[in-house]
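Okay, so here's the structure we're looking at.
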Amino acid sequence: MDDETLLGRMKQDDSAAYRLLVERHVDRAYAIALRVLGNQADAEDVAQECLVKVWTHRHGWQDGKAKFSTWLYRVVVNRCIDLRRRPTNDCLDDVPEPMDDEADSVTTIHRGQVYGKLSDAMGRLPEQQRLALTLSYFDDLGNSEIAEIMQTTVSAVESLLKRGRQALRDKLRRSERDVRLALAE
């Protein structure tokens, strides 16, 4: 059963249709929020909040206006942007867990440092560039889908991706060899 059919059933207060829709999209909504926010607890909150919004606004859904998944991911991204703009208080729960790879400790430490440099460089990008790169590379979305989610044009997304990649290259130039080796492993 497709999303449009489920949305139609939800308008008739069918909670089973809502559960199916949530099961279908919760993992992707959470993954996008986690990549944008970098915090599991906040990502869980955003995904849950956005999926609750689907139920509470079910009667206002307009068929054919937008693909449901694109609308949902746009809502998730917008909520993440709102959260990132809010002042934060770092807490112990936000400290990443140590990696538990099968690789030896030297490789693990090296890989962690490289990913840390990449994450730091991504964090210093302008918000729109970081978001476009995240949706493209980590969530494997196409430029037209990214444009819908970011409420912009495909050419603007292409420009954001190009500028974002160039900015990352500039920021990582000294560490480029290490980054390539770590990502190839």
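Hydrogens, waters and symmetry mates play no part in the numbers below; they use all other heavy atoms, side chains included.
In terms of hydrophobic clustering, with Ile, Leu, Val, Met, Phe, Trp and Tyr side chains grouped at heavy-atom distances under 4.5 Å, L7 and M1 are assigned to a common cluster.
A distance of 11.0 Å separates NE2 of H25 from CH2 of W71, quoted to the nearest 0.5 Å. For the atom pair CG (L160) and NZ (K162), the distance works out to 12.5 Å, reported to the nearest 0.5 Å. One finds the CD1 atom of I32 at 5.5 Å from the CG atom of L141 (value rounded to the nearest 0.5 Å). The CD atom of E158 lies 11.0 Å from the OG1 atom of T152; values are rounded to the nearest 0.5 Å.
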Side-chain donor-acceptor pairs of residues 43-55 under 3.5 Å, sequence neighbours excluded:
| unit_1 | atom_1 | unit_2 | atom_2 | d |
| --- | --- | --- | --- | --- |
| E49 | OE1 | R79 | NE | 3.3 |
| E49 | OE2 | R79 | NE | 2.8 |

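Nearest heavy-atom pair across G164 and Q129 is CA-OE1, 3.5 Å. When all heavy atoms of V154 and S144 are compared, the pair lying nearest together is CG2-CA, 3.7 Å.
Annotation: salt bridge (charged side-chain N to carboxylate O under 4.0 Å, His left out) contacts involving residues 8-17, sequence neighbours excluded, comprise R9-D14, D13-R58. The ring-ring contact (aromatic ring centres under 6.0 Å, His included) analysis of residues 128-166, with sequence neighbours excluded, yields no pairs. Within the structure, salt bridge (charged side-chain N to carboxylate O under 4.0 Å, His left out) pairs that include any residue of residues 121-130 comprise R85-E127, D120-R124 (at least two apart or interchain). Every pair passing salt bridge (charged side-chain N to carboxylate O under 4.0 Å, His left out) that includes a residue from residues 26-36 is listed here, sequence neighbours excluded: R35-D139.
Residues satisfying the side-chain hydrogen bond (donor to acceptor under 3.5 Å, both in side chains) test with R24, not counting sequence neighbours, are D3. Every residue two or more places apart in sequence or in another chain that forms a side-chain contact (heavy atoms from CB on, under 4.5 Å) with L161 is listed here: A132, L133, S136, N143, V157, R165. In this view, Q12 satisfies the side-chain contact (heavy atoms from CB on, under 4.5 Å) rule with no residue, not counting sequence neighbours. Taking T70 as the reference, K67, E145, E148, I149 meet the side-chain contact (heavy atoms from CB on, under 4.5 Å) condition, with sequence neighbours excluded. Scored by the side-chain contact (heavy atoms from CB on, under 4.5 Å) test, R19 finds S15, A16 as partners (sequence neighbours excluded). The side-chain hydrogen bond (donor to acceptor under 3.5 Å, both in side chains) test applied to D82 returns no partner, not counting sequence neighbours.
Under the 4.5 Å side-chain criterion, counting only non-hydrogen atoms from C-beta, L21 is in contact with F68. Counting heavy atoms from C-beta on, the side chains of L131 and L125 never come closer than 4.5 Å.
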side-chain hydrogen bond (donor to acceptor under 3.5 Å, both in side chains) evaluation trace for Q166 with R163: CA-CA 5 Å; Q166 183 59 48; R163 289 192 323 261; over 6 Å; no
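Summarising the hydrophobic clusters (Ile, Leu, Val, Met, Phe, Trp, Tyr; side-chain heavy atoms under 4.5 Å, direct or chained), the residues clustered with Y30 are L34.
Counted within 6.0 Å of CD on Q40, heavy atoms from surrounding residues, nucleotides or ligands total 12 or fewer; the atom is thus considered open.
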